[in-house]
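Below: the structure, in structure tokens.
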Amino acid sequence: MGIKQLYQVIKDECPDAYKEGEIKNQFGRKVAIDASMSIYSFLIAVRSGGEMLTNEDGETTSHLMGMFYRTLRIVDNGIKPLYVFDGAPPKLKSGELAKRFQRKATATEGLEEAKETGTAEDIEKFSRRTVRVTREHNAECQRLLKLMGIPYLIAPTEAEAQCAVLARAGKVYAAASEDMDTLCFDSPVLLRHLTFSEQRKEPIQEIFLEKVLAGLDMDRKQFVDLCILLGCDYLDPIPKVGPHTALKLIREYKTLENFVEAVQNDPKSKYTIPEDWPFADARELFLNPDVRPADAPECEFKWEAPDIDGLIQFLVTDKGFSEDRVRAGAARLQKNLKTSQQARLEGFFKPIPKTEAEIKNLKRKNDEKNEEKKKRLKEEKKEKAKAKSKPRGGG
DNA sequence: CTCAGCCA
DNA sequence: TGGCTGAGG
């Protein structure tokens with residue numbers, strides 16, 4: 001889910017706050033990945049004939065397939081992934097969870113109905129909506145990662161928030177997520193489309209929080225308020241408030257307190273605050289999430305050699321994977337561990353010293369690029385507006 | 001989802 | 001090489 005429309009706002013308001021590029025540019029970087037979110041998407045996407053993959057005993061293997069091959073691909077690109085699992089859900093989120101549960105219940109009813117009367121596509125559609133990540137999925141993926149030599153940690157509550165802490169502390173370069181929420185948790189850098197960029201033609205987006213804040217001319221608190229207005233996972237959206245209005249409202253009222261008060265004091269206001277709208281709680285969740293500090297012993301992690309025999313036992317013997325493929329995968333892990341050691345020895349990760357003149361030159365080039373980007377976006381916008389504008393409005 | 005194999 | 005398709009478990 002995430003913050004609806006936030007990317008659009010950033011694109012419009014602060015074009016220098018993000019970069020788009022290839023996965024190769026991420027070589028040598030450590031990134032924190034929300035494991036539970038990934039598992040969810042594997043359960044939905046890794047299917048054959050609409051059904052999840054299973055071993056002979058009927059145990060689901062989609063999550064292991066996805067986790068195994070995606071991690072290999074990331075590692076092949078010289079990226080060092082650290083997976084972060086969700087802990088307990090935060091209290092406020094239980095409201096949202098209840099809603100999801102309800103959706104799941106209705107989807108299950110729908111599934112029964114679809115099985116009676118519907119087409120194969122209907123059945124498939126409903127079956128995808130009922131997906132839930134279980135304790136077992138998480139535990140099995142943790143076992144897999146351990147065998148692959150890939151580090152992971154379990155967050156006290158939300159993985160996204162923990163990823164952000166690690167990025168903020170410099171333990172990883174960025175939090176990798178599709179979810180724009182990560183910026184609200186104060187991750188300095190957010191990587192989007194890290195994985196599906198190669199297969200599809202989409203570029204990797206690299207979003208820089210500092211530049212977002214500068215571009216919007218907001219402090220973090222205002223930014224979080226903006227995101228809540230745009231619509232977050234925790235709260236119902238306010239009708240009639242889209243990206244444009246949300247921005248305008250925060251600029252005008254500065255805080256959600258002021259805005260809500262203004263609406264409630266104005267019987268003719270065109271906005272309606274939902275019945276149960278604990279925005280201060282939601283804000284608190286973003287500003288002070290329950291996380292492990294980055295220097296806690298639980299946040300220690302390192303990349304190790306894969307346990308090949310263990311992988312064969314787990315994936316081949318227990319889960320029915322092809323031995324050749326698993327061995328080939330393990331070899332890729334070993335090979336990349338070596339190349340990254342080599343790169344370190346050769347000083348790849350050391351910052352390259354720059355003279356004053358070089359720095360100045362880089363800055364100038366950067367500014368030029370940003371100007372170009374701004375211009376280009378402006379023109380795109382103009383053309384869009386032209387295409388939209390009606391022949392005559394009257395007046 | 002990713003991989004492997006095939007074909008332009 | 002790169003896009004497409006079917007298999008993977």
Side-chain angles (χ1 to χ4, degrees), chain A residues 1-2 21-24 26 31 33-86 120-121 123-134 136-145 147-150 152 159 176-179 191-205 306 308 310-336:
Chain A
M1 241 144 279
E22 302 173 66
I23 192 163
K24 311 277 175 227
Q26 305 300 326
V31 300
I33 303 173
D34 179 342
S36 306
M37 198 79 251
S38 310
I39 295 170
Y40 178 78
S41 67
F42 296 144
L43 291 175
I44 288 172
V46 184
R47 281 161 184 253
S48 178
E51 300 279 310
M52 289 187 211
L53 301 183
T54 63
N55 68 359
E56 282 182 333
D57 300 340
E59 298 166 337
T60 299
T61 52
S62 293
H63 55 308
L64 297 171
M65 270 253 127
M67 180 72 71
F68 186 61
Y69 287 117
R70 174 172 294 181
T71 305
L72 283 174
R73 172 179 272 217
I74 289 171
V75 168
D76 269 346
N77 280 287
I79 298 167
K80 299 183 147 210
L82 160 72
Y83 284 95
V84 181
F85 288 80
D86 278 331
E121 290 90 72
I123 295 172
E124 199 178 317
K125 210 165 64 189
F126 281 115
S127 125
R128 276 176 216 256
R129 273 191 218 159
T130 59
V131 162
R132 241 165 37 102
V133 179
T134 66
E136 287 71 34
H137 293 139
N138 280 309
E140 285 187 334
C141 284
Q142 285 164 18
R143 181 172 170 200
L144 174 64
L145 291 170
L147 293 171
M148 293 176 80
I150 304 295
Y152 66 84
S177 175
E178 302 317 308
D179 224 328
L191 290 183
R192 292 177 87 209
H193 306 169
L194 178 66
T195 45
F196 58 69
S197 65
E198 242 179 337
Q199 220 72 347
R200 313 190 208 165
K201 282 259 179 189
E202 301 214 41
I204 290 185
Q205 294 167 356
I308 298 178
L311 281 170
I312 300 280
Q313 172 64 40
F314 183 39
L315 292 182
V316 179
T317 312
D318 296 355
K319 299 297 176 184
F321 281 49
S322 135
E323 178 164 349
D324 285 354
R325 284 190 172 203
V326 172
R327 280 196 190 278
R332 278 160 78 186
L333 286 170
Q334 275 180 319
K335 178 174 159 263
N336 284 302

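Labels below follow one simple rule: chain letters A, B, ... track the order of the sequence lines, proteins then strands, and each chain is numbered from 1.
- Among the protein residues, A:Thr61 comes within range of the sugar-phosphate backbone only, with heavy atoms under 4.0 Å from sugar or phosphate atoms but none that close to a base.
- Considering only side-chain atoms of A:Tyr69, the nucleotide from B:dC3, C:dG9, B:dC1 that sits closest is B:dC3.
- Following rounding to the nearest Å, A:Leu53 (CG) and C:dG6 (C1') show an atom-to-atom distance of 13 Å.
- Listed pair A:Arg70 / B:dT2 meets the phosphate criterion, a side-chain N or O lying under 4.0 Å from OP1 or OP2.
- By the 4.5 Å heavy-atom criterion applied to side chains, A:Leu72 and A:Asn336 are not counted as neighbours.
- Separating the CD atom of A:Glu323 from the P atom of B:dC3 is a distance of 19 Å, rounded to the nearest angstrom.
- Rounded to an integer number of Å, the gap from CZ of A:Phe321 to P of C:dG9 is 7 Å.
- Within the nucleic acid shown, A:Ser322 comes within 4.0 Å of sugar-phosphate atoms alone, with no base atom in reach, counting heavy atoms only.
- Distance CD (A:Glu51) to P (C:dG9): 17 Å, rounded to an integer number of Å.
- Remark: A:Arg73 is in phosphate contact with B:dC3, judged by side-chain N or O atoms under 4.0 Å from OP1 or OP2.
- Side-chain contact between A:Lys319 and A:Leu64 is present, with heavy atoms from C-beta onward closer than 4.5 Å.
- Applying the 4.0 Å criterion to OP1 and OP2 of B:dC3, one finds that A:Arg332 has a side-chain N or O inside that range.
- Separating the CG atom of A:Leu144 from the P atom of B:dT2 is a distance of 15 Å, rounded to the nearest angstrom.
- Here B:dC1 presents its P atom at 18 Å from CZ of A:Phe68, a figure rounded to the nearest Å.
- Residue A:Arg47 contributes atom CZ, which lies 16 Å from atom P of B:dT2 at whole-angstrom precision.
- Annotation: side chain of A:Thr71 is not in contact with side chain of A:Ile33 (no heavy-atom distance under 4.5 Å).
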Show the atom names and distances, to 0.1 Å, of all donor-acceptor pairs under 3.5 Å that link a side chain in residues 35-46 of chain A to residues at least two apart or in another chain.
| unit_1 | atom_1 | unit_2 | atom_2 | d |
| --- | --- | --- | --- | --- |
| A:Ser36 | OG | A:Asp86 | N | 3.1 |
| A:Ser38 | OG | A:Asp34 | O | 2.9 |
| A:Ser41 | OG | A:Ser38 | O | 2.8 |

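- Under the side chain to side chain contact (heavy atoms under 4.5 Å, CB included) test applied with A:Asp318, the options A:Glu59, A:Glu140, A:Gln313 reduce to a single match, A:Gln313.
- Nucleic acid contact for A:Met52: base, since at least one base atom lies under 4.0 Å from a heavy atom of the residue.
- A straight line from CE of A:Met65 to P of C:dA7 spans 14 Å, rounded to a whole angstrom.
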